[in-house]
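Data first, discussion second: the structure below is written as structure tokens.
Indexing begins at 1, ligand by ligand and atom by atom, following the structure's order. Since the model is a prediction, treat every value here as computed from it, not as a measurement.
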Amino acid sequence: MQRPSRFLAALFLAASGWSATVLAQPAATPASAPAAAAAPAAAAPAGGIQSANIFEVKPEASADPKYAEQTNGERARVQPGNNAPMWRQVGSGLTGYSSLPKSEAPEAGNLIQPFVQYPGSLLTNAGEAWRQVRNNWLIPYGGALLLIVVGAIALFYFGKGRINLHGAETGRKIERFTPFERSAHWANAIAFCILAISGIVMAFGKFFLLPVMGLTLFGWLTYLLKNMHNFAGPLFAVSLVIVFFTFVRDNMPSRGDIGWLLKGGGLLSGKEVPSHRFNAGEKLVFWGGVFFLGIIVVASGLVLDKLIPGLIYVRDTMQVAHMVHAVATVLMMAMFIGHIYIGTIGMQGAYDGMKTGYVDETWAREHHEYWYDDVKAGKIPAQRSEPASPSQTAQAQGL
Ligand code: HEM
């Protein structure tokens, strides 16, 4: 009695007119010989070639003890059409021959990459290993970190509230950022926001947008954002370099930074620790976020954008670049979410400094006391940029 699946398969093969032509199965001949002899002479196959239902051919080719070691040629002789040995080699990462030039298509001869073990993956072919790292680690833990940071900031905001000025504003202004510094900062910040939003949708959008907007809209949106990401990346890279050189001088470590960090800036006690133009928290964001993570994010991003001249863009290069990029960008976003919070709703007067260029003397004294002292002592000019006209300056200063 045949098993139903076998029977159905045999039925399908017979119906589609496909049955194996058995050339090298002598054992099958005696079993089928009487039937062949009984058949009318007109039905005999031409040229002496006999066909048989492959499920009825005995013994099965797989009964051969050397079956698993057969080459594709040997297998073709006992089981015509069975290419399993070739596919096994392909699956093991073997590189075959391709007539395409290596310089233009370096991986054309290789369908499935060789086995590797990326951090956090099993030992498997590189494409699958990369998929495991992305789906089992980067997406869940990266997403969790971002949610934790947003949650912690929300707790701080609703628990402690905005950092307000303690004293009354004097109406006297100090120039905190020149127009050049602000342009550099905002170019960088705008590029960053485009990258962060598009990156988040590409990585996590299928969990929170796809169920809401459906496949078609989500597909178009992600396609659009992916292209925006590719274009905003180089803009971010250039503006990041400008931001680095613009602000590096005042972000150099100075005496008091360690004390500031140990006391957490005095944020929790409500008594802010004095600092120069930028406090140790800002310096940490500058060196950790802008400089260190900036180099990694930009370098890996330029690889993914295929903008590094002379580099050969093969799959494992892109996989490694992607994993490095994902880790560094998630850490960078976590840092800059804090920066953006303090720069907007988290601290009274901070945003105005970056928007207009000027801060009130009370703000300067309460948040950057040593800087304020230096300005008052005439060591740092209160107005550094060339004012365009007295009325424009007054307007910028909110007078
Ligand atoms: C929407 C996004 C952003 C907002 C609202 C924002 C807001 C601000 C504000 C208000 C300041 C002035 C702080 C002060 O007076 O001490 C500032 C400073 C600064 N921001 Fe941003 N920012 C944003 C994104 C970024 C990004 C993406 C970067 C770099 C990757 C960045 C780098 C800096 C730097 C280097 C400074 C000077 C202070 C320092 O060196 O730490 N900002 N930002």
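- Take R134 and apply the salt bridge (Lys or Arg N to Asp or Glu O under 4.0 Å) test, not counting sequence neighbours, and it matches no residue.
- Looking at ligand 1, you'll find an N or O of E282 within less than 3.5 Å of one of its N or O atoms.
- Atoms of ligand 1 lying under 4.0 Å from any heavy atom of R176, numbered from 1 in the order shown and given with element: 14 (C), 15 (O), 16 (O).
- Contact record, T170 with D360: N-OD2, 2.9 Å, taken as the closest heavy-atom pair.
- The single protein non-hydrogen atom nearest to atom 5 (C) of ligand 1 is T344 CG2, 3.6 Å, given as residue, atom name and distance.
- For ligand 1 and F286, the ligand atoms under 4.0 Å from any heavy atom of the residue are 35 (C), 40 (O).
- If you check the side chains of S385 and E175, you find a donor sitting under 3.5 Å from an acceptor.
- Considering backbone and side-chain N/O atoms, W363 never comes within less than 3.5 Å of an N/O atom of ligand 1.
- Cation-pi geometry between R176 and W363 is not met at under 6.0 angstrom from the ring centre and within 45 degrees of the axis.
- The distance from the NE2 atom of H367 to the CG atom of L165 is 5.0 Å, given to the nearest 0.5 Å.
- The protein heavy-atom contact nearest to atom 38 (C) of ligand 1 is F278 CE2, 3.4 Å.
- When all heavy atoms are compared, the tightest approach of I242 to A184 is CG2-CB, 3.8 Å.
- Contact between A350 and ligand 1 is present, with at least one heavy atom of the residue lying under 4.0 Å from the ligand.
- Remark: S98 engages L100, A108 in a side chain to side chain contact (heavy atoms under 4.5 Å, CB included) (not counting sequence neighbours).
- For V90 against I112, the heavy-atom pair with the smallest separation is O-CB, 3.5 Å.
- Contact analysis puts F177 in contact with ligand 1, with a non-hydrogen atom separation below 4.0 angstrom.
- The shortest contact between atom 39 (C) of ligand 1 and any protein heavy atom is with N251 ND2, 3.8 Å.
- Put simply, CG on L195 and CE on M202 are 8.5 Å apart, with the number rounded to the nearest 0.5 Å.
- Listed by number with element, the atoms of ligand 1 under 4.0 angstrom from any heavy atom of C193 are 1 (C).
- Below 3.5 Å of separation, one finds no N or O of W186 facing any N or O of ligand 1.
- Around atom 21 (Fe) of ligand 1, the protein contributes the following N, O or S atoms under 2.8 Å, ordered by chain and number: H185 NE2, H339 NE2.
- The two atoms that bring V320 and Y118 nearest to each other are CG2-CE2, 4.2 Å, heavy atoms only.
- Residue nearest to atom 35 (C) of ligand 1, selected from L240, V359, V243: V243 (by heavy-atom distance).
- The cationic group of R277 does not satisfy the cation-pi geometry with F247, failing either the under 6.0 Å distance to the six-membered ring centre or the 45° limit from the ring axis.
- Distances below 4.0 Å separate heavy atoms of F192 from the following atoms of ligand 1: 27 (C).
- In terms of the side-chain hydrogen bond (donor to acceptor under 3.5 Å, both in side chains) criterion, E282 has no residue partners (sequence neighbours excluded).
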